[in-house]
*Asks:* 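Take this structure, written in structure tokens, and hold onto it; I'll ask about it next.
In the text below, chain A, chain B and the rest are named by the order of the sequence lines, each starting its count at 1.
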Protein chains: 2
Amino acid sequence: MSDTTTEPTPFRHAVLAAVLQVRAGSLRVLLWQRAQEPHRHRWSLPGGELCATEDVEGSIRRQLMEKVDVQQLAHVEQLSVFSAPDRVPGHRVLATGFLGLVPSDNDPAIPSDTAWHPVDALPATAFDHQRIVFDARDRLRAKLSYTNIGFALAPPQFTISALRELYSAALGYRVSATNLQRVLARRGLLEPTGEAARPGRTGGRPAALFRFTEHGMQVTDPFAVLRPPGTRS
Amino acid sequence: MSDTTTEPTPFRHAVLAAVLQVRAGSLRVLLWQRAQEPHRHRWSLPGGELCATEDVEGSIRRQLMEKVDVQQLAHVEQLSVFSAPDRVPGHRVLATGFLGLVPSDNDPAIPSDTAWHPVDALPATAFDHQRIVFDARDRLRAKLSYTNIGFALAPPQFTISALRELYSAALGYRVSATNLQRVLARRGLLEPTGEAARPGRTGGRPAALFRFTEHGMQVTDPFAVLRPPGTRS
DNA sequence: ACATGTTTTCGATTATAAGGCGAAAACCTA
DNA sequence: TAGGTTTTCGCCTTATAATCGAAAACATGT
């Protein structure tokens, strides 16, 4: 519409990321503990306020560099805008939430006020950050099923059972190793490296090592159910 | 992080909606033609600036009431934040983009500067609005395949071939009526009304009328591929 | 060396969902 | 009543996922 309204109101705008990683067998999120009011001692998502010359994705990447080496962020995607008027008491500040993924073999150096918390056992969180974490978790779980986003959780090489552990931890239920392997293989996302892992001290057949194919290293569109005719693969 | 940065910058924040409808056999979007600079005579998405006391979804619904009767909006969902620093020349204004869907039997009264344009043959658009329209179209197409969002495009009752036309127009390719019916029926989204449509003047067997089930009238999660074990339906 | 236990791998089978095709059904008009 | 048109439905094929169990390949202990 033509701007017949009153003078436009400006808003502060924050960017926040739920950075997820599978570690110690569970899906965890990077949080830092507030030392100042409001919500002192509660746990917050990393992020900060948008600057004048950057877009939101550039901003969250810049701000995460203070917490995690950005090289270790295998995937970043926008979740949505959180805009409840009372989401930050006393101020009006919008926030764009992001999902970030770190491969499970990385252990980035993090500040002392920062820790990885299981998403299924969060400590007391600040503002609406719990909601953002849950949105991120739900998005990850949905996409694990119908895209190849799993590559962003996995190390460069892995055994099928290690990959099964990753998927199981992220999804919250056990998946079958056999089935996982074939589903990913059929989509052309998995290839053997030729090498094999050494068996554990308890013995057992040595597991073959796999990696994601080049084609599997970027998030693809969800596969369609109602395809164009004659498009069977 | 603690706010060691400078004074936070405020931003203007707009909400914009790509309202889509299948009409005259093609997927169309509601646009209005600007009468003022900048981008005079180019076509814009409906929307406006966020107000101090509302959230973004409330804001877009309020602002759309000026263009379309909100009763006719069967579905509204957030797309993402558009934040390129130069997206509006001369000002810094963020925008939250939305997808809106109007059932094909509705013909809402719209202002005289407003018209429905085919998304595949857009006129000259203002700012980054073309990108938002394409994002909306892509989101709709993806969700048509793996959710039941189709209900928001359809009238309360419809024949299978009418539904096929809707899906075909929205997806951009012909889908099989037989298959569409069975895919939706298997998911429990379709039920016969018992009535039948009158055949056209060219004859033919009268088509049975269907409607979406109550369960089919809200957007469900995408169906999972890697399900928990023992969850076969 | 050999038996035993453990873990991985892989083939065989079943289950489920989607795509394609054509015959039969149910209407129109002439 | 005959011919044309559209819808409906069953049957078949293909594609993909889930399950199961046997065989392979290793470690350890005797």
*Asks:* Which part of the nucleic acid, if any, lies within reach of B:Ala177 when heavy atoms closer than 4.0 Å are counted: base, sugar-phosphate only, or nothing?
*Replies:* nothing
*Asks:* Looking at C:dG20, I'd like to know if its phosphate oxygens (OP1 or OP2) sit under 4.0 Å from a side-chain N or O belonging to B:Ser176.
*Replies:*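 Negative; the distance criterion is not met.
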*Asks:* C:dA26 P sits how many Å from B:Ile160 CD1, rounded?
*Replies:* 17 Å
*Asks:* Taking the side chain from A:Gln157 and the backbone from A:Thr193, do they hold a donor-acceptor pair closer than 3.5 Å?
*Replies:*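 Answer holds: no.
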*Asks:* Using a cut-off of less than 4.0 Å, is there contact between a side-chain N or O of B:Arg205 and OP1 or OP2 of C:dC28?
*Replies:*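 For C:dC28, OP1/OP2 do not have a side-chain N/O of B:Arg205 under 4.0 Å.
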*Asks:* Looking at A:Thr202, does any N or O in its side chain come under 4.0 Å of the phosphate oxygens OP1/OP2 on C:dT6?
*Replies:*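 No, outside the criterion.
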*Asks:* Please determine whether a side-chain nitrogen or oxygen atom of B:Arg164 lies at a distance below 4.0 Å from atom OP1 or OP2 of D:dT6.
*Replies:*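 It does not, given that no N or O in the side chain of B:Arg164 lies less than 4.0 Å from OP1 or OP2 of D:dT6.
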*Asks:* Over all strands shown, is A:Arg198 touching base, sugar-phosphate only, or nothing at heavy-atom distances under 4.0 angstrom?
*Replies:* nothing
*Asks:* Please work out whether the ring planes of A:His75 and A:Phe151 are parallel, tilted or perpendicular, with thresholds of 30° and 60°.
*Replies:*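 Judged by the thresholds at 30° and 60°, the geometry between A:His75 and A:Phe151 is perpendicular.
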*Asks:* Can you tell me which nucleotide in D:dA27, C:dA18, D:dA17 comes closest to the side chain of A:Val183?
*Replies:*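 Nearest to the side-chain atoms of A:Val183, counting from C-beta on, is D:dA17.
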*Asks:* Nearest whole Å is fine: how far is C:dA17 C1' from A:Arg186 CZ?
*Replies:* 12 Å
*Asks:* Return yes if some donor-acceptor pair links the side-chain N/O of B:Ser168 with the main-chain N/O of B:Arg164 below 3.5 Å, else return no.
*Replies:* yes
*Asks:* Expressed as a whole number of angstroms, how long is the span from B:Phe158:CZ to D:dT6:C1'?
*Replies:*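 Rounded to the whole Å, the gap is 18 Å.
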*Asks:* Of all the nucleotides listed (C:dC10, C:dA18, D:dA17), which has the minimum atom distance to the side chain of A:Gln181?
*Replies:* C:dC10
*Asks:* With a 4.0 Å cut-off on heavy atoms, is B:Thr178 in touch with a base, just the backbone sugar-phosphate, or nothing at all?
*Replies:* base
*Asks:* For A:Ser83 and B:Val56, indicate whether the former's side chain and the latter's backbone hold a donor-acceptor pair under 3.5 Å.
*Replies:* yes
*Asks:* Measure CG/A:Leu209 against P/C:dT7 and give the value in whole Å, please.
*Replies:* 18 Å
*Asks:* Could you please name the option among C:dA18, C:dC27, C:dT8 that lies closest to any side-chain atom of A:Ala207?
*Replies:* C:dT8
*Asks:* Hey, which sits more toward the 5' end of DNA chain C by its nearest nucleotide, A:Phe210 or B:Pro206?
*Replies:*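 Comparing both residues, the 5'-ward one is A:Phe210.
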*Asks:* Check the distance between D:dA17's P and A:Leu144's CG and give it to me in whole angstrom.
*Replies:*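 Interatomic distance, CG of A:Leu144 to P of D:dA17: 15 Å.
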*Asks:* Could you state the atom-to-atom distance from CZ of B:Arg187 to C1' of C:dA18 in whole Å?
*Replies:*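 Answer to the nearest Å: 10 Å.
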*Asks:* Under 3.5 Å, is there a donor-acceptor pair linking the side chains of A:Ser26 and A:Arg28?
*Replies:*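 A pair is found: one side chain offers a donor N or O, the other an acceptor, under 3.5 Å apart.
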*Asks:* Could you give the CG-to-P distance, from A:Leu180 to C:dT8, as a whole number of Å?
*Replies:*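 From A:Leu180 CG to C:dT8 P: 13 Å.
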*Asks:* Would you kindly check whether a donor in the side chain of B:Arg182 faces an acceptor in the base of C:dG20, or vice versa, at under 3.5 angstrom?
*Replies:* yes
*Asks:* Would you say A:Arg201 places a side-chain N or O within less than 4.0 Å of OP1 or OP2 belonging to D:dG29?
*Replies:* no
